[in-house]
S.K.: 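One structure, as structure tokens, below. Some questions next.
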Amino acid sequence: MRSAVNSLPSTFFDRPAADVARELIGITLLVDGVGGPLVELEAYDRADPASHSFNGPTPRNSAMFGPAGHAYVYRIYGIHWCLNVVCQPGSAVLVRALEPLHGLDKMHERRGAMVERQLCSGPGKLCQALNVTIAHNGLPLDALPFALLATSETHAIASGPRIGITKGVETPWRFVRRGSPFLSKPMR
DNA sequence: AGGATGATTGCCT
DNA sequence: GGCAATCATCCTC
């Protein structure tokens with residue numbers, strides 16, 4: 001049984017990013033109807049040396065200091081897009097992986113022939129599959145093309161160190177649905 | 001199975 | 001000029 005929470009209050013996001021990241025596990029993210037349940041997220045905050053916001057606002061990270069519940073999209077390594085949801089000022093949750101469930105045909109068009117477990121198993125892959133780009137930077141997640149849907153299911157959640165960073169490596173702010181085959185990497 | 005590499009943008013020192 | 005919240009490909013073991 002599913003209940004729509006398309007209008008998640010900004011108070012849901014205007015909290016510590018680690019709390020939001022944990023609670024977003026299992027919530028379905030759609031972009032123009034394409035997406036599925038979130039299975040992997042990471043938290044970053046203002047006091048965190050691994051965070052883009054650590055040294056204050058810049059043109060690139062300005063969305064991180066904007067309204068909670070809006071998107072922060074940035075280009076990484078000159079190639080890939082990464083999608084975040086803004087939480088407390090200067091903090092955000094990086095959307096790293098989801099279970100491909102809706103719009104598989106569109107995902108395959110964008111990602112090519114690909115086993116399902118690799119369609120959205122990483123932040124860059126997920127943005128390609130859902131067609132998220134800089135055009136989405138700053139947009140609210142409670143309005144089209146975005147949608148967030150909660151389920152009544154509960155999930156076993158595991159946490160551990162974040163991926164791909166060189167600072168703050170011991171902060172266990174990566175949250176995954178335990179045992180999911182759709183993660184960017186197994187939790188360990 | 002695991003390590004090295006190239007692609008390529010934008011911010012930093 | 002260096003580096004980064006990545007990924008696909010091309011090695012080597």
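Note that the structure is a prediction, hence the values are computed from the model and not measured. All chains are named by letter (A, B, ...) in the order of the sequence lines, taking the proteins before the strands, and each is independently numbered beginning at 1.
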S.K.: Would you mind reading off the distance between A/L183 atom CG and C/dC7 atom P, rounded to a whole angstrom?
M.R.: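 Roughly 13 Å, once rounded to whole Å.
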S.K.: Is the shortest side-chain N/O distance from A/K125 to OP1 or OP2 of C/dA8 below 4.0 Å?
M.R.: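 Yes, such a contact exists.
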S.K.: Which value, in whole Å, describes the distance between the P atoms of nucleotides C/dC10 and B/dT8?
M.R.: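 These two P atoms come out 16 Å apart once rounded.
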S.K.: With a non-hydrogen cut-off below 4.0 angstrom, is A/I163 in contact with a base, only sugar-phosphate, or nothing?
M.R.: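 Sugar-phosphate only.
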S.K.: Suppose we call a contact any N or O donor and acceptor under 3.5 Å apart; does that hold for the side chain of A/Y74 and the base of C/dA5?
M.R.: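 Side chain to base: pair found, below 3.5 Å.
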S.K.: What distance, rounded to whole Å, do you find between the two P atoms, one in C/dA5 and one in B/dT13?
M.R.: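 Going atom to atom, P in each nucleotide, I get 14 Å.
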S.K.: Check the distance between B/dA7's P and A/Q128's CD and give it to me in whole angstrom.
M.R.: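 After rounding, the gap between these two atoms is 18 Å.
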S.K.: A/N84 near the nucleic acid: base, sugar-phosphate alone, or nothing, with a heavy-atom cut-off under 4.0 Å?
M.R.: base
S.K.: Which whole-number value in Å describes the distance from A/K185 NZ to C/dA5 C1'?
M.R.: 13 Å
S.K.: So which nucleotide does B/dG3 pair with, by the Watson-Crick or G-U wobble rule with both distances under 3.5 Å?
M.R.: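 Its partner is C/dC10 (Watson-Crick or G-U wobble, both distances under 3.5 Å).
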S.K.: Mind checking if A/L94 touches a base, just sugar-phosphate, or nothing, with heavy atoms under 4.0 Å?
M.R.: base
S.K.: Tell me which nucleotide among C/dA8, C/dA5, C/dT6 gets nearest to the side chain of A/Y77.
M.R.: C/dT6
S.K.: Report yes or no: is the ring centroid of A/Y44 under 5.5 Å from the six-membered base ring centroid of C/dA5, with the two planes under 30 degrees?
M.R.: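 The ring of A/Y44 is stacked on C/dA5.
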S.K.: Using a heavy-atom cut-off of under 4.0 Å over every strand shown, decide if A/G78 touches base, sugar-phosphate, or nothing.
M.R.: base
S.K.: Could you go through A/R110 and A/Q128, starting from their C-alpha distance and side-chain angles, then the distance that decides it, and tell me whether this counts as side-chain hydrogen bond (donor to acceptor under 3.5 Å, both in side chains)?
M.R.: CA-CA 6 Å; A/R110 297 161 181 164; A/Q128 186 183 13; over 6 Å; no
S.K.: In whole Å, what is the span from the CD atom of A/Q118 to the C1' atom of C/dT6?
M.R.: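 Taking CD of A/Q118 and C1' of C/dT6, I get 14 Å after rounding.
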S.K.: Select from A/P123 and A/T166 the residue whose nearest nucleotide in DNA chain C is closer to the 5' end of that strand.
M.R.: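 Looking at the nearest nucleotide for each, A/T166 comes out on the 5' side.
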S.K.: Looking at the side chain of A/T58, which of B/dT8, C/dA5, B/dC12 is the nearest nucleotide?
M.R.: B/dC12
S.K.: Please give, in whole Å, the distance from B/dG10 P to A/N55 CG?
M.R.: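 After rounding, the gap between these two atoms is 19 Å.
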S.K.: Kindly point out which of C/dA5, B/dC11, B/dT8 is positioned nearest to the side chain of A/R60?
M.R.: B/dC11
S.K.: Nearest to the side chain of A/R96, heavy atoms from C-beta on, is which of C/dA8, B/dT8, C/dA5?
M.R.: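 Looking only at heavy atoms from C-beta outward on A/R96, the closest nucleotide is C/dA5.
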S.K.: Donor-acceptor pair, A/N61 side chain versus A/H52 backbone, under 3.5 Å?
M.R.: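 Yes, A/N61 side chain to A/H52 backbone: donor-acceptor pair under 3.5 Å.
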S.K.: Decide whether a cation-pi geometry holds between A/R177 and A/F182; the criteria are a distance under 6.0 Å from NZ or CZ to the six-membered ring centre and an angle within 45° of the ring axis.
M.R.: no
S.K.: When the distance from OH of A/Y72 to P of C/dA4 is rounded to whole Å, what number comes out?
M.R.: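 Taking OH of A/Y72 and P of C/dA4, I get 15 Å after rounding.
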S.K.: Partner lookup for C/dG2, please. Criteria are Watson-Crick or G-U wobble with both distances under 3.5 angstrom; report none if nothing qualifies.
M.R.: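 Per the H-bond distance test, B/dC11.
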S.K.: Quick one: A/M64 CE to C/dA5 P, roughly how many Å, whole number?
M.R.: 11 Å
S.K.: Over all heavy atoms of both residues, which pair between A/L141 and A/L29 is shortest? Give the atoms and the distance, please.
M.R.: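 Looking at all heavy atoms of both residues, the closest pair is CD1-CD1, 4.1 Å.
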S.K.: Could you check how far NZ of A/K167 sits from C1' of B/dC11, rounded to whole Å?
M.R.: 12 Å
S.K.: Do any N or O atoms from the side chain of A/R178 and from the backbone of A/A156 form a donor-acceptor pair under 3.5 angstrom?
M.R.: no
S.K.: Just call it for A/R162: base, sugar-phosphate, or nothing, with non-hydrogen atoms closer than 4.0 Å on any strand.
M.R.: nothing
S.K.: For A/R174, which contact category applies under a 4.0 Å heavy-atom criterion: base, sugar-phosphate, or nothing?
M.R.: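 No contact.
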S.K.: Out of C/dA5, B/dC11, C/dC7, which nucleotide sits closest to the side chain of A/H80?
M.R.: C/dC7
S.K.: Please give me the minimum heavy-atom distance between A/C82 and A/L94, naming the atom from each residue.
M.R.: CB-CD1, 3.9 Å
S.K.: Quick one: does A/R46's side chain have a donor or acceptor within less than 3.5 Å of a partner on A/P89's backbone?
M.R.: no
